[in-house]
Asks: 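To start, I am sharing the structure in question, which I have written as structure tokens.
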There are 2 protein chains.
Amino acid sequence: MAIKVFIVDDHYMVVEGIRSLLQNEKNVEWTGHAMNADSCLAFLRQQQPDIILMDINLPDKSGIDLCKEVKEAYPQIFIIGLSTFNQQSFIQKMMDNGASGYVLKNATQQELMEAIEMVVKGKTYLSDEVSRSLRRNEDDTIPVLTRREKEVLVLIAEGMTNNEIAEKIFISASTVDTHRKNLLAKMPARNTAELVKLAFQHKFIKLDDK
Amino acid sequence: MAIKVFIVDDHYMVVEGIRSLLQNEKNVEWTGHAMNADSCLAFLRQQQPDIILMDINLPDKSGIDLCKEVKEAYPQIFIIGLSTFNQQSFIQKMMDNGASGYVLKNATQQELMEAIEMVVKGKTYLSDEVSRSLRRNEDDTIPVLTRREKEVLVLIAEGMTNNEIAEKIFISASTVDTHRKNLLAKMPARNTAELVKLAFQHKFIKLDDK
DNA sequence: AGTAAAATCATGGAAAAAGGGGAGAAGACC
DNA sequence: GGTCTTCTCCCCTTTTTCCATGATTTTACT
């Protein structure tokens, strides 16, 4: 029985690459691909693969969120995260949301097959490179920010002062200051500059195509 | 006469994808690929393709720098930038360094072929999406920072104060302050927070796999 | 040798953030 | 009912940044 594999990635070239890597594997069945989260969910309502290879960055929502939704609705499907970046914060978030593995886009055919075969057995697969960098800074966990804190954080990065933020979201400047202090403590950062840097590194602010 | 195409990309899946997209094109000849800048340059000493598809992010040096080097040594080779991100700053830097086109990794086979055929004639190709986003903010050019300014910028993002930076790089705090002011004026940012944000967006600070 | 850009240093004052503390209200959870 | 988290608000002091302005030395290029 071939393993049914589905891909969610908005990069046509990557989808083609994976298809080409997997087409000669006889115990793998290519069931299709989606370019965004919505059409992935639509596909799953029709049929369910054994494994989904899921990009972290999707146009409509992050793979991290999609991973959670898929796992809630279809717990039997195993998900392997797919990304260009070997970044601890992504990987951790992805695994926290139920992914069973994480493969970089520079993985070889062999690595990809190892991952698929291992994950389908219910085990966890992390490529050497990934697990090494996870161990390297295993203390570096992602801080948990509240709704309001995230909101204030992005406004800070926009260059707004406490007073401006206060006016914008209709709270007093003191409250903004409190949120700011909590952010500095949680991240943890020594000042605004480092706070913004960490916000980028932990993906609280996106480096998108604006 | 088939167009000789060479790829420089460290993502195996992308290389495979492009190979698969081009293999049925009879007026395109696949001459090989390199996974980093060094082996690309080594290849070029042996033979020269007509076109290089070049990823922006390479492990040893940025595609932006590689583009410049290749164009200096082999001006007859046309280079098409390749990236996941539709980001104005990358694109501009790449074109400034002699690239003839820019294609996103979500491009279709058709778009890729259009790009190759157009560029080989000496014209410039930018995908619709890219040129649209270039026009959208054509005023938004990348600031030119001096060596010292870049140096101070990354230290600021590390969370260091003027005094700390001054001690670290053996100049007075006043000088650091001057650099800081020039940075704020050049970027342009209203304060440190926005400065760090723009530093990320313009790739003066890298969001890499630390 | 001459010029332009970059790097260096400074003063003084206004604005904002950092760091310390305390405290009440609303909701979720057990 | 009690506990926890979140969100809200305030006071005070110190540190740091922001802004304006001006100036000298070093380096790079023609």
Side-chain angles (χ1 to χ4, degrees), chain A residues 65 68 72 93 96 141-202 204-205, chain B residues 65 68-69 72 93 96-97 141-202 204-205:
Chain A
D65 295 335
K68 191 173 189 177
E72 275 166 8
K93 279 182 182 169
D96 286 350
T141 48
I142 303 164
V144 179
L145 303 187
T146 67
R147 187 196 107 250
R148 213 47 159 173
E149 282 163 355
K150 287 181 202 164
E151 202 177 344
V152 170
L153 181 54
V154 306
L155 296 176
I156 288 174
E158 289 298 319
M160 296 174 75
T161 65
N162 288 340
N163 280 319
E164 288 166 346
I165 295 172
E167 279 188 30
K168 168 118 183 171
I169 63 176
F170 308 111
I171 57 178
S172 92
S174 326
T175 307
V176 179
D177 193 49
T178 304
H179 287 312
R180 190 181 210 118
K181 277 185 252 188
N182 291 334
L183 283 167
L184 288 172
K186 277 186 179 181
M187 294 299 272
R190 301 163 60 195
N191 52 36
T192 303
E194 196 175 6
L195 183 66
V196 174
K197 186 197 71 165
L198 292 172
F200 270 101
Q201 292 187 337
H202 289 310
F204 288 116
I205 305 174
Chain B
D65 296 335
K68 191 174 189 174
E69 288 179 40
E72 275 166 8
K93 281 182 180 168
D96 287 349
N97 283 356
T141 49
I142 303 164
V144 179
L145 303 187
T146 67
R147 186 196 108 250
R148 214 45 158 175
E149 282 163 356
K150 286 181 203 165
E151 202 178 342
V152 170
L153 180 54
V154 305
L155 295 177
I156 288 173
E158 289 299 318
M160 296 174 75
T161 66
N162 287 340
N163 280 319
E164 289 166 344
I165 295 172
E167 280 189 31
K168 168 117 182 173
I169 62 176
F170 308 111
I171 57 177
S172 90
S174 324
T175 308
V176 179
D177 192 49
T178 304
H179 288 312
R180 190 182 209 116
K181 276 182 268 188
N182 291 335
L183 283 167
L184 288 172
K186 277 186 179 181
M187 293 301 274
R190 301 163 60 196
N191 53 35
T192 302
E194 197 175 7
L195 183 65
V196 174
K197 186 197 72 165
L198 292 172
F200 270 101
Q201 292 187 337
H202 289 310
F204 288 116
I205 304 175

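Chain identifiers are assigned alphabetically (A, B, ...) following the order of the sequence lines, protein sequences preceding nucleic acid strands; residue numbering begins at 1 within each chain.
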Asks: Base, sugar-phosphate, or nothing: which does A/Thr175 touch, judged by heavy atoms less than 4.0 Å apart?
Replies: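 Base: the residue A/Thr175, judged by heavy atoms under 4.0 Å, touches a nucleobase.
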
Asks: How close do A/Leu198 and A/Ala189 get, heavy atom to heavy atom, and via which atoms?
Replies: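 Of all heavy-atom pairs spanning A/Leu198 and A/Ala189, the closest is CD1-CB, 4.0 Å.
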
Asks: Specify the residues of residues 177-186 of chain B, ordered by number, for which at least one heavy atom lies under 4.0 angstrom from an atom of DNA chain C.
Replies: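 Those residues whose heavy atoms fall under 4.0 Å from DNA chain C, taken from residues 177-186 of chain B in numerical order, are B/Thr178, B/His179, B/Lys181.
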
Asks: For residues B/Thr146 and B/Lys186, determine if any side-chain heavy atom of one lies less than 4.5 Å from a side-chain heavy atom of the other.
Replies: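 Yes, their side chains come closer than 4.5 Å.
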
Asks: Would you tell me if any nitrogen or oxygen in the side chain of B/Ser174 comes within less than 4.0 Å of OP1 or OP2 on C/dT11?
Replies: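 No, no such contact exists.
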
Asks: Side chain of A/Asp65, backbone of A/Lys68: donor and acceptor closer than 3.5 Å?
Replies: no

Asks: Between B/Ala173 and B/Asn191, which residue's closest nucleotide on DNA chain C lies nearer the 5′ terminus?
Replies: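 Its nearest nucleotide lies further toward 5', so the answer is B/Ala173.
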
Asks: Let's see if you get this right: which residues in residues 145-168 of chain A place a heavy atom under 4.0 Å from DNA chain C?
Replies: A/Thr161, A/Asn162

Asks: Please report, rounded to the nearest Å, how far the P atom of D/dT16 is from the CG atom of A/Leu195.
Replies: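 Taking atom P of D/dT16 as the reference, CG of A/Leu195 is at 17 Å.
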
Asks: Go through the structure and list residues passing side chain to side chain contact (heavy atoms under 4.5 Å, CB included) with A/Asp96, not counting sequence neighbours.
Replies: A/Gln92

Asks: Kindly say whether A/Thr161 contributes a backbone atom to a donor-acceptor pair with the side chain of A/Glu164 at under 3.5 angstrom?
Replies: yes

Asks: Flag the pair B/Lys168 and B/Glu158 as a salt bridge only when some basic side-chain nitrogen lies within less than 4.0 angstrom of an acidic carboxylate oxygen.
Replies: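 No, no charged N to carboxylate O under 4.0 Å.
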
Asks: Rounded to the nearest 0.5 Å, what separates atom CD1 in B/Ile205 from atom NZ in B/Lys150?
Replies: 12.5 Å

Asks: Would you say the side-chain atoms of A/Asn191 pair up with the backbone N or O of A/Glu194, donor to acceptor, closer than 3.5 Å?
Replies: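 Looks like yes, one N/O pair under 3.5 Å.
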
Asks: Examine C/dA10: is either OP1 or OP2 under 4.0 Å from a nitrogen or oxygen in the side chain of B/Ser172? Give yes or no.
Replies: yes

